[in-house]
Amino acid sequence: MKTNSKHLGLVTKKFNEFFFVDLKNKENFGNSERFLCKVRKSIHFKDQFIYVGDEVEIDNIDLTSKRAVIASLKKRQNLLNRPSVANISNIYITFSVEEPKLNLSQVNRFLISAESMGVEVSLVLTKCDLISDKKQIFLLDKFKKWGYQAIILNLHKSDHFEDLLAQLKKKKCSIFMGPSGVGKTTLLNKIIPGLQNSTAPVSNKIKRGKNTTRNVELFSISNQSYIVDTPGFNMQPLEVDSRLIPNLYSEIYKQVIDEGIRCKFRDCLHLNDEGCNLNKSFERYSFYKEMIESSKSHYYQNPED
């Protein structure tokens, strides 16, 4: 049985020149919810590329073989370059408090890189069973001052996990980002029943984990809610105009927007600028300065950008 009408779908997996597409409106197709698709040549002629997470229109639907053709690409909200995933709604920056040990500078860079995507950003701390309750409270207070209500997890118990799962089921498309060895794969195995991705221990020599996940794929965890299973990857370089970086720090944003702090010059970067009135006593200010200088250096080296 075939139908030539077009239907909206979501790309959930890509391999070679094929894509798995889940129908967005499944009522009229019974159990046929996922189709193996190739892309119509006209899309290639437009130099359009299809990524996991893209919304597409499919036609030439064959309900018997569960095959179809991607006819057009809908406008995407955003695109994460590595791994390549489109239309992310929520990013969960994930770090372990021990094994490997928490690196605050690295946490900051991941958070600001995520903030530059313009989506909702959360912080997840794993392996919290390896530290004392006092240390947990200390970290919660620290990150609250950074502007994040951190989620603490012990991946071997259900503490706080059910709350996180309930939260994920209300989001459109979530992704866990962070360095290797912090427990992302273990966490995804708990969230997605039957996933059973392999995990690898943290290397004693280099003190970080091995990448164990190989493919990018979306998994449905509730009606209209998906989570991304991604290969392990390192931190993406932050390529943001230095003038935009202040807005990515909640400590600066609150002073400027909520408290109405005004500097002498509108384009003040809050370094040693004349007439700067920003209160620079917040903990992340040293990270902020490093990021501004790095961004300015990158910009001047690449003026054509």
Side-chain angles (χ1 to χ4, degrees), residues 10-15 19-20 22 34 51-54 78 80-100 102 106-107 110-111 113-114 117 119-130 148 150-203 208-236:
L10 177 70
V11 177
T12 56
K13 189 174 182 178
K14 175 184 179 181
F15 51 98
F19 301 84
F20 275 126
D22 285 7
R34 172 171 288 192
Y51 296 100
V52 170
D54 272 327
N78 53 56
L80 187 66
N81 290 321
R82 192 182 62 180
S84 296
V85 188
N87 298 318
I88 295 294
S89 65
N90 293 77
I91 296 177
Y92 288 81
I93 298 301
T94 309
F95 272 81
S96 60
V97 294
E98 292 286 349
E99 299 181 5
L102 195 64
Q106 192 179 34
V107 173
F110 265 95
L111 287 170
S113 292
M117 290 280 294
V119 301
E120 184 178 338
V121 179
S122 303
L123 176 61
V124 177
L125 301 177
T126 64
K127 305 183 185 181
C128 288
D129 53 308
L130 300 179
Y148 301 92
I151 301 166
I152 58 174
L153 293 178
N154 172 0
L155 296 182
H156 301 293
K157 294 182 180 179
S158 59
D159 299 358
H160 303 289
F161 172 74
E162 294 301 328
D163 292 338
L164 173 61
L165 184 59
Q167 185 182 128
L168 290 169
K169 290 181 177 179
K170 297 177 182 178
K171 312 299 182 183
K172 184 179 178 182
C173 185
S174 303
I175 184 171
F176 287 86
M177 296 174 62
S180 300
V182 301
K184 297 192 301 295
T185 299
T186 301
L187 182 55
L188 286 170
N189 284 340
K190 288 173 68 70
I191 294 171
I192 308 168
L195 180 62
Q196 296 180 340
N197 274 335
S198 61
T199 60
V202 174
S203 166
R208 56 185 174 86
K210 300 175 182 177
N211 297 338
T212 54
T213 309
R214 292 292 174 261
N215 298 311
V216 179
E217 186 170 359
L218 295 189
F219 288 88
S220 176
I221 55 175
S222 70
N223 186 29
Q224 302 300 318
S225 292
Y226 286 82
I227 191 162
V228 187
D229 181 27
T230 66
F233 56 96
N234 293 321
M235 181 175 53
Q236 300 179 92

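Only a predicted model underlies this, so the values are computations on that prediction, with no experimental measurement involved.
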Between N87 and G53 (side chain of the first, backbone of the second, donor and acceptor by atom type, cut-off under 3.5 Å), is there such a pair? yes
Determine whether a donor-acceptor pair (N or O, by modelled atom type, separation under 3.5 Å) exists between the side chain of K184 and the backbone of P179. yes
Over all atoms of both residues, closest heavy-atom pair of A114 and V119: O-CG2, 4.3 Å
Can you list everything that forms a side-chain hydrogen bond (donor to acceptor under 3.5 Å, both in side chains) with Y51? Sequence neighbours excluded, please. none
Side-chain ion pair, K127 and E98, N-O less than 4.0 Å: no
Candidate pair S122 and Q167, rule side-chain contact (heavy atoms from CB on, under 4.5 Å), full reasoning: CA-CA 11 Å; S122 303; Q167 185 182 128; 4.2 Å; yes
Would you say that T94 contacts F110 through its side chain, given a criterion of any heavy-atom pair below 4.5 Å between the two side chains? no
Strictly distance-based, threshold 3.5 Å: is any side-chain N or O of S89 a donor or acceptor partner for the main-chain N or O of C173? yes
Side-chain contact test, heavy atoms from C-beta onward, threshold under 4.5 Å: evaluate it for V52 versus V228 and give yes or no. no
Could you check whether any side-chain N or O of S96 sits under 3.5 Å from a backbone N or O of T126, counting only pairs where one atom can act as donor and the other as acceptor? no
Applying side-chain contact (heavy atoms from CB on, under 4.5 Å), run through F19 and D54 and close with a yes or a no. CA-CA 11 Å; F19 301 84; D54 272 327; over 6 Å; no
Could you walk me through whether L218 and F20 satisfy the side-chain contact (heavy atoms from CB on, under 4.5 Å) test, starting with their C-alpha distance in whole Å, then the side-chain angles of each, then the deciding distance to 0.1 Å, before giving a yes or no? CA-CA 10 Å; L218 295 189; F20 275 126; over 6 Å; no
Would you please test L187 and L164 for side-chain contact (heavy atoms from CB on, under 4.5 Å) and show each step? CA-CA 11 Å; L187 182 55; L164 173 61; 4.2 Å; yes
Restricting to non-hydrogen atoms, name the atom on V216 and the atom on S84 that form the minimum distance, rounded to 0.1 Å. CG1-O, 4.2 Å
To the nearest 0.5 Å, how far apart are NE2 in H160 and CD1 in I151? 10.0 Å
Do Y92 and L168 make a side-chain contact, defined as non-hydrogen atoms from C-beta onward lying under 4.5 Å apart? yes
